[in-house]
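Below: the structure, in structure tokens.
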Amino acid sequence: MAVISYREALRAAMRDELNRDKNVVIMGEEVAQFNGAYKVTEGLLKEFGPKRIVDTPISEAGFIGLGIGASMLGIRPVMELMFWSFSYVAFDQIVNNAGNIRYMSGGLINCPIVIRGPANGGTNVGATHSHTPEAILASHPGIKVVCPATPYDAKGLLKAAIRDNDPVYVMENTILYNDKGEVPDEDYIVPIGVADVKRVGTDLTIVAHGRAVITSLKAAEILEKDHGVSVEVVDLRSIRPLDEETILKSVRKTHRALLVEENKPFCGVDAQVAYLIQSKAFDELDAPVHRVSSIDAPQIYCKRMEDLQMPSVERVVAEALKVLA
Amino acid sequence: MTKEAKIALYTKMARIRHFEQRCIRIYQQGKIGGFLHLYVGQEAVAAGTISLLGKNDHLITGYRDHGHGLMVGMGMNECMAELTGKVTGCSQGKGGSMHYFAPDKNYWGGHGIVGGQAPLGTGLAYAVKYQGLKGSCLTFMGDGAVNQGAVHEAYNLASLWDLPVIFVVENNGYSMGTSQERSTAHPGCLAKRAEGYNMAWDVINGHDVYEVRAKTALALKRAHEESKPTVLEIFTYRYFGHSMADPDKTYRDKEEIKTYRDKKDPVLLFEQELLREKVLTPELSQTINDAAMAEADKAAIFADESPDPTLADITKHIYWEEDNRGPKTTSRGTIIFE
Ligand SMILES: Cc1ncc(C[n+]2csc(CCOP(=O)(O)OP(=O)(O)O)c2C)c(N)n1
Ligand SMILES: [Mg+2]
């Protein structure tokens, strides 16, 4: 097993799938000649040529809609959004067209498209470039949403997404692009809809996704070392479909739950998870479910304040102690 | 065109006309819900363009989609049953009037958001080209749709990447109650916007099915042989309100409608032409129209007698993965909440 970065893992997934299936096409702004705005697609143009790796104009509604249309005829486009924040100008295509076509055609038409790119705050770029739309998109039946937190999951989930016959939206994180981890060279996928217990514990369940998993793992270490608390960290990996069983199993064991996400709290992913826990494991709980999310405001530019706006290790530790009190 | 082909084309136009006139009655009986956008008056556009399509030619349109569906060979039964929301409908009662689909006949819908289908049609053309096939995608839209950003993005991509797409603007003069003059800068010629994207364009009299065919054929040739896009603006007219919900009282006068009905009706004009050419006889025309009416009546009964989808059907066809659980499925987890 090689140790590679999250970025390299994503690239390896695309390279594998480009080799495996001639219908896979990578498309997006600056993905080819420029080697990718975040260098995720670096070298792919050289390796696969301009038919497979396609630079698009700045025209998200146009090129994503084009990818959706092409996918209906069997092409498997992997569209890069420079930021998921820019998906908002293509919202109609992403939601109405990709998300509804199978349903409205009574199952006659499939839309095997992948849209991927970073969806995160914490990079000091202000409100327009810091959106995390996983909850917004996951609220639409017909769409799948995954948020890998590690290089292993990034490669496995992206490969699963490309092979999936439904639209899958992969939300990455620029802050994680350089994170390294062990990733198998051989072919594997991470099934969409399966959460992963990233740390085993007995006193408290932390449910998280994306970079909040990394934050939570760090918090779990401090809680163990300084407070003698054994924390289990469940990484959702997939927002929709949601792995209810893994969440509930953990809560039934620890009887306490803290939900951590980098989204804004209102209608966030964890609002759904909290509802799930109270509806299916209410009697198991020894304390109310708590949440840690970003402070409910548009993303602030000032870096010092942005770091406070988003869930930090300190905030997760403090909130965990409240659940445990 | 052979004599037989001409008769077949006339028959299809007559079928569209009678199908929709039957729809009006069913709508008035309260059996069709939501929106019903009629194509009456515009038949020559779908008939002329779609009658030219071959194996690798595709099409996609907006919500005024019945004529296109019947032209590609969808049956009146499945079309009518879709309107009444029955499980025997082309989309099993999940799409409705605005969302007809027949991908087996290269018909990709049926789209409810104005202009939203333009990038999809461009993508279908991209796929045809990617697969190395000589084909095209006819992407229909209204005169109101040309002001949507998605349409302009599609124009740019189509021309930039030399895609075999033909944008067909069905200019019926109005977008709902807004006349073209009130919606569109430089209203004289919508097709001319193609020049801004370095695309070929043409304008067509949509009341004359021969002209529609002749000029569309040139665009198809351009798509097939040069892999280049075209914008065609086809002048046409709708006789009924924007949808059945439009009382049609405020934005145009009855005299205008009457003039079109009396002088420019595409079905009537084609019938007269074929009578002149001695391809049709009055008797044959009568037989064709009677058969179309009878077919529509039968479809109405079929739609009436068909069952609704079931409660369990609501959660089908959301994900391929959910509908095809088997050894090859990889996705798991819970998707559908109560
Ligand atoms: C994005 C969007 N905005 C508004 C509507 C409501 N609407 C439906 S059809 C229509 C008029 C469109 O006119 P045109 O493009 O000329 O097509 P026509 O109805 O004449 O065939 C409007 C405003 C819609 N369906 N989608
Ligand atoms: Mg119009």
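Labels below follow one simple rule: chain letters A, B, ... track the order of the sequence lines, proteins then strands, and each chain is numbered from 1.
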Legend entry - Contacting region of A/Asn100 [heavy-atom separation from chain B under 4.5 Å]: neither
Legend entry - Under 4.5 Å from a heavy atom of chain A, the part of B/Leu157 involved: side chain
Legend entry - Closest heavy-atom pair and its distance - B/Ala154, B/Pro119: CB-N, 3.9 Å
Inset, instruction - Assess the side chains of B/Asn56 and B/His224: does a donor N or O sit below 3.5 Å from an acceptor N or O? - result: no
Legend entry - Largest heavy-atom contact set with chain B, pairs under 4.5 Å, which of A/Leu73, A/Ile68, A/Ile75: A/Leu73
Inset, instruction - Tell me, out of B/Leu163, B/Ile113, B/Thr122, who's got the most heavy-atom pairs with chain A below 4.5 Å. - result: B/Ile113
Inset, instruction - Assess the side chains of B/His66 and B/Ser97: does a donor N or O sit below 3.5 Å from an acceptor N or O? - result: yes
Legend entry - Residue, of B/His99, B/Met98, B/Lys316, B/Gln92, that accumulates the most heavy atom pairs under 4.5 Å with chain A: B/His99
Legend entry - Carboxylate-amine/guanidinium contact B/Asp323 A/Arg102, below 4.0 Å: yes
Legend entry - Per-residue contact mode, B/His111 against chain A (heavy atom under 4.5 angstrom): side chain
Legend entry - Part of B/Cys90 within contact of chain A (heavy atom distance under 4.5 Å): backbone
Inset, instruction - Check each atom of B/Tyr126 against the heavy atoms of chain A and say whether the ones under 4.5 Å are side chain, backbone, both or neither. - result: side chain
Inset, instruction - Mind ranking A/Asn96, A/Ile143, A/Ile64 by heavy-atom pairs under 4.5 Å with chain B and telling me who comes out on top? - result: A/Ile143
Inset, instruction - Give a yes or no on whether the backbone of A/Ala32 and the side-chain of A/Asp55 come within a donor-acceptor separation of less than 3.5 Å. - result: yes
Inset, instruction - List the atom of A/Leu157, the atom of A/Pro191, and the distance in Å for their closest heavy-atom pair. - result: CD2-O, 4.2 Å
Inset, instruction - Examine A/Lys155 relative to A/Tyr188 and say whether NZ or CZ is less than 6.0 Å from the centre of the six-membered ring and inside a 45° cone about the ring axis. - result: no
Inset, instruction - Using a cut-off of under 4.5 Å on heavy-atom pairs, state which of A/Ala160, A/Ala138, A/Ala70, A/Ser71 scores highest against chain B. - result: A/Ala70
Legend entry - Side chain / backbone / both / neither for A/Val54 at chain B, heavy atoms under 4.5 Å: side chain
Legend entry - Which of A/Ala61, A/Pro112, A/Ser105 touches chain B most, by non-hydrogen pairs under 4.5 Å: A/Ser105
Inset, instruction - Verify, without hydrogens or angle tests, whether A/Thr205 (side chain) and A/Ser250 (backbone) share a donor-acceptor contact under 3.5 angstrom. - result: yes
Legend entry - Proximity breakdown for B/Asn324 and chain A, heavy-atom pairs closer than 4.5 Å: side chain
Legend entry - For B/Ile60 against B/Gly121, the heavy-atom pair lying closest together: CG2-CA, 3.7 Å
Legend entry - Among A/Val194, A/Ile109, A/Val25, A/Thr246, residue most engaged with chain B (heavy-atom pairs, under 4.5 Å): A/Ile109
